[in-house]
Amino acid sequence: MRQARARTGAAGRGFIDPLVLSRIDNLELLARTVMDGFLSGLHRSPHLGVSMEFAEHRPYMPGDDIRWIDWKLNARTDRFYVKRFEADTNASTAILLDVSGSMGFGSGRTAEGEKRPDAGPTRSRPAAPLTKLDYGRYLTASLAYFSAQQRDRVGLVTFDRAVREYVPPAAKHLDMVLHRIATARAEGESGIRPVILKVAEAMRKRGFIILVSDLYEDPTEVVDAVSLLRYQGHEVIVFQVLDPAEVSFPYEDAAPFLDMETGERLPVVPETLAPKYRAMMGEHLSALEDGFRSRDVDFARFTTDQPLDHALFRYLSLRERMSRVR
């Protein structure tokens, strides 16, 4: 088993490179590496975003975070005490991971999943060696691990046009969740709406719901379906995962393109198709972004060559914001 170290960015955070993470064979180790490096880079409390209740005071010790000093008590006693808290352990976090065929795409791989070293979005930049499902696995495992450390009940749904694996949220389900993530395979056609309806029926108690998908469906249907979870009182965050080549469409040579969900092969001449493709993709992405914003759904888009830090920070920011309004 090979381990990888997080690279430290200029801002002091550990920017976790997906390519480096691909060298770690054990998913739990990967998740722990990501979260430990990320949280230590933030120099923050390990219990970010959790609803906290005051428990007691204790004397200040060198190295304690000065934010937790009770200054009112200091004014009365002329001594320094810090507040201790108990975390609210009632939160449930369910992660929905898209495992449809399109998630198996990586611009640096063949249709069979082999690495293709001679292929790339441009000649000056290597192709993304990870598939979208690879990236989704790393992100999902890291979020599950972090949530478990916050004493959340953690659950998982893998899906294409139907639910493929379901692990209900529970305090002791992290190992099962990581195992199901590790064994997920990209196949089948996508269909988010019926899956969301089943999740909404199963998860009656309010909690965090995280959707990880490439969202290759009608934007209106996707937004309407996800909004149902918001109407039920859940805090929802949607992570769209794309390959860089899907956004820029850098191809130059005529070749057959494979639909990874239906298996259909289409002859494509990039020179004539590229402008129309980029325009349609731009409209699709804008429709998703505008739709989620209008429904008060937290949304972020990432490509598989981006460090995981950006997605993790988005999630932690949401949790922290929600903790302040509980």
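Side-chain atoms are counted along with the backbone in the values below, which use heavy atoms only and exclude waters and symmetry mates.
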- Query: What about Phe257 and Tyr251, are their ring centers closer than 6.0 Å?
  - Reply: yes
Nearest 0.5 angstrom please: [X] [atom1] to [Y] [atom2], how far?
X      : Y      : atom1 : atom2 : value
Phe146 : Leu174 : CZ    : CG    : 13.0 Å
Ile210 : Tyr315 : CD1   : OH    : 4.0 Å
Arg204 : His234 : CZ    : NE2   : 9.0 Å
Arg137 : Leu178 : CZ    : CG    : 12.5 Å
Leu273 : Arg278 : CG    : CZ    : 9.5 Å
Arg293 : Asp296 : CZ    : CG    : 11.5 Å

State, with a plain yes or no, whether a side-chain heavy atom of [X] is found less than 4.5 Å away from one of [Y].
X      : Y      : value
Asp224 : Glu221 : no
Ile196 : Leu96  : yes
Pro168 : His173 : yes
Leu215 : Val238 : yes
Phe299 : Gln240 : yes
Tyr216 : Leu242 : yes
Asp175 : His179 : no
Tyr277 : Glu246 : yes

- Take atom CG in Leu266; do more than 12 heavy atoms of anything else shown fall under 6.0 Å from it? yes
- Item | Arg230 CZ: over 12 foreign heavy atoms closer than 6.0 Å | yes
What are the two closest non-hydrogen atoms of [X] and [Y], and how far apart are they?
X      : Y      : value
Gly104 : Ala186 : N-CB, 3.5 Å
Arg185 : Leu133 : C-CD2, 3.9 Å
Leu130 : Asp243 : O-OD2, 4.2 Å
Glu261 : Ser100 : OE2-OG, 3.3 Å
Ala148 : Val154 : N-CG2, 3.7 Å
Met103 : Asp98  : CG-O, 3.3 Å

Consider only side-chain heavy atoms of I, L, V, M, F, W and Y, link residues closer than 4.5 Å, and tell whether [X] and [Y] are in one cluster.
X      : Y      : value
Val236 : Leu211 : yes
Ile209 : Leu312 : no
Leu288 : Tyr135 : no
Val297 : Met203 : yes
Val226 : Leu143 : no

- Query: Just by distance, with hydrogens left out, do Asp134 and Thr131 show a side-chain donor and acceptor under 3.5 Å apart?
  - Reply: yes
- Check whether the side chains of Tyr138 and Thr304 place a donor and an acceptor atom closer than 3.5 Å, and report yes or no. no
- Message: For Phe80 and Trp71, take the angle between the two ring planes, folded into 0 to 90°, and tell me which bin it lands in: parallel under 30, tilted 30 to 60, perpendicular over 60.
- Response: perpendicular
- Item | Whether Phe302 and Phe239 hold their rings parallel, tilted or perpendicular, with breakpoints at 30° and 60° | tilted
Is there a donor-acceptor pair closer than 3.5 Å between any side-chain N or O of [X] and the backbone N or O of [Y]?
X      : Y      : value
Asp70  : Val82  : no
Glu283 : Met280 : no
Ser294 : Gly291 : yes
Thr158 : Glu165 : yes

- Query: Looking at Val157, Leu156, Val99, Thr140, which one forms a side chain to side chain contact (heavy atoms under 4.5 Å, CB included) with Arg180?
  - Reply: Leu156
- salt_bridge(Arg193, Glu217) N-O dist < 4.0 Å: no
- Message: Show, in sequence, the C-alpha distance, side-chain angles and deciding distance for Tyr231 and Arg295, and conclude whether the side chain to side chain contact (heavy atoms under 4.5 Å, CB included) test is met.
- Response: CA-CA 10 Å; Tyr231 296 150; Arg295 302 294 183 88; 3.7 Å; yes
